[in-house]
Amino acid sequence: MNKRTDVAIVGAGLSGLAAAITVQRAGLQPLIVEGLDRVGGRVRTDVIDGFTIDAGFQVFNPAYPAAKSILNYDTLRLQSFSPGVRVINGDSETLLGNPLRDASYLISYAKSIRARGISALSDVAKFGTYAGLAASKSEPDIYDCSAREALQRSGMSDDFIEHTIKPFLTGVFLENNLETSRRVLDFVLEYFIKGVPALPANGMAAIATQMAALLHADSINLQTWAHGISEHTIDTDAGRINADSVILATEQDTASAWLGMPNYGWRSVTTWYHSTPTQLLNGKALLSVDGDPQGPVINTVPISNAAPTYAPTGTTLISSSTLGTDTSSEMENRVRQHAAKIYGASTDGWSLVAVTAVEKALPISRPPFNVSTSVPCINGVFVAGDYLREPSINSAIASGVSAGLAAVAKVRGR
């Protein structure tokens, strides 16, 4: 059956939802088509045996400006992690974070200085300076290079980069060579400074669910696959949609195949969810990484220490992530062994709740990586997606808002 609307959108991920909300707020009628049976795209949550399981270790930073313009944080009931990162090096640990937010980081830095001498003070100071500049600068045309080169150019020692900064960034970039663009590095550090990551009480999918609830009930058509688009039409398995403007808000593979947009490729990740009746890290929700990796875990956190709603009462849910998509029992054994080292506690009593392998977890962002607030328009079709900017929830929403505004301008200019 053919339909008519003001703005037609392919994709009900965060970008597509943000575009539709923007169009609706402007007084026009959006219509989304989505092949899956749910909204959210890569942001997905399942409930398994009473545990809340996100598809991969995902967090939300309430400091994201694009999210603030759309989401109701009170309704999401955000539950915060402990600020900073716990870095394990042999028998010692360092807390990496903003001492202005938590004074315990000053104590941790003092211990590092006593152990390593004045070089530790220099490294911490240079990292703090770099992160502070990342949080305050606004110029879009900075010289781009790899994250590793940017950190080295700041004067930090190779030892500090390799055994403190890289272990943290490996879990953010989903690669362990620091080859990601320094523009993405700067974005990560900016919000590392500005906000404390959190989780919605009902899982990360609550973000998309809340966004979808802002739209009129007939604005989203799920389980409706799009097969082709043009400036004014979308062909679906349910018929053709005619529109004054069209937005493609899918992942980069579809945008590349249909419109010739760049395809940067993907980083993949597997997240292992274990449960235990034992409390870890004295109840703190600290993300931990191994500064001298002796196993596959790139980060691990007692996630229910941050979000008690993620686990039944009296149970701790642990999230541990590894690069790639190996979900074998052999890999799980390696994860347990590595986690035991990181936590300094036996994992023999841990129970495997779920394992999620995400092949397309994060778009690759190698330099030169161009970050632009302009909206691509190919053959009359506007394009939205987090791969166009620094891959993040903020960029997904911001890109959708920009595409929605462009589509509204086009409709009103007809």
Inset, instruction - Give me the ring orientation class for Phe160 and Phe127: parallel if the planes are under 30° apart, tilted from 30 to 60°, perpendicular past 60°. - result: perpendicular
Legend entry - Distance-only donor-acceptor check, side chains Ser392 and Tyr191, under 3.5 Å: no
Inset, instruction - Could you tell me whether the side chains of Thr75 and Gln210 share a donor-acceptor contact shorter than 3.5 Å? - result: no
Inset, instruction - Give the minimum heavy-atom separation between Thr233 and Val246, together with the two atoms involved. - result: N-CG2, 3.8 Å
Inset, instruction - Kindly check if the number of other-residue, nucleotide or ligand heavy atoms within 6.0 Å of CG (Asn379) is above 12? - result: no
Legend entry - Neighbour count >12 (heavy atoms, 6.0 Å) for atom CG, Asn72: yes
Inset, instruction - Looking only at non-hydrogen atoms, find the nearest pair between Met156 and Tyr130 and report the distance. - result: CE-CB, 4.0 Å
Legend entry - Donor-acceptor pair between Glu332 and His274 side chains, under 3.5 angstrom: yes
Legend entry - Closest non-hydrogen atom pair between Pro262 and Gln252, with its separation: O-OE1, 4.2 Å
Legend entry - Heavy-atom side-chain proximity of Leu199 to Asp54 below 4.5 angstrom: yes
Inset, instruction - Check the side chains of Ser157 and Asp159 for a donor-acceptor pair under 3.5 angstrom, ignoring hydrogens and angles. - result: no
Legend entry - Distance-only donor-acceptor check, side chains Thr271 and Ser321, under 3.5 Å: yes
Inset, instruction - Indicate the atoms forming the closest heavy-atom contact of Ala8 with Ile241, along with that distance. - result: CB-CG2, 3.9 Å
Inset, instruction - Could you check Ile70 against Arg25 for side-chain contact (heavy atoms from CB on, under 4.5 Å), going step by step and ending with a plain yes or no? - result: CA-CA 11 Å; Ile70 288 181; Arg25 285 178 173 177; 4.1 Å; yes
Inset, instruction - Kindly check if the number of other-residue, nucleotide or ligand heavy atoms within 6.0 Å of CD (Glu359) is above 12? - result: no
Inset, instruction - May I have the step-by-step check of side-chain contact (heavy atoms from CB on, under 4.5 Å) for Ile53 and Leu317, ending in yes or no? - result: CA-CA 9 Å; Ile53 305 297; Leu317 180 66; 4.2 Å; yes
Legend entry - Exercise: identify the closest heavy-atom pair between Glu179 and Arg366: OE2-NE, 3.1 Å
Inset, instruction - Under the salt bridge (charged side-chain N to carboxylate O under 4.0 Å, His left out) rule, what do Glu175 and Lys166 come out as? Steps first, then yes or no, please. - result: CA-CA 10 Å; Glu175 54 94 359; Lys166 190 183 85 167; over 6 Å; no
Inset, instruction - Find out whether Tyr343 and Ile318 are in side-chain contact, i.e. whether some heavy atom of one side chain is under 4.5 Å from a heavy atom of the other. - result: yes
Legend entry - Aromatic ring pairing Phe81/Phe57, orientation class (parallel under 30°, perpendicular over 60°, tilted between): perpendicular
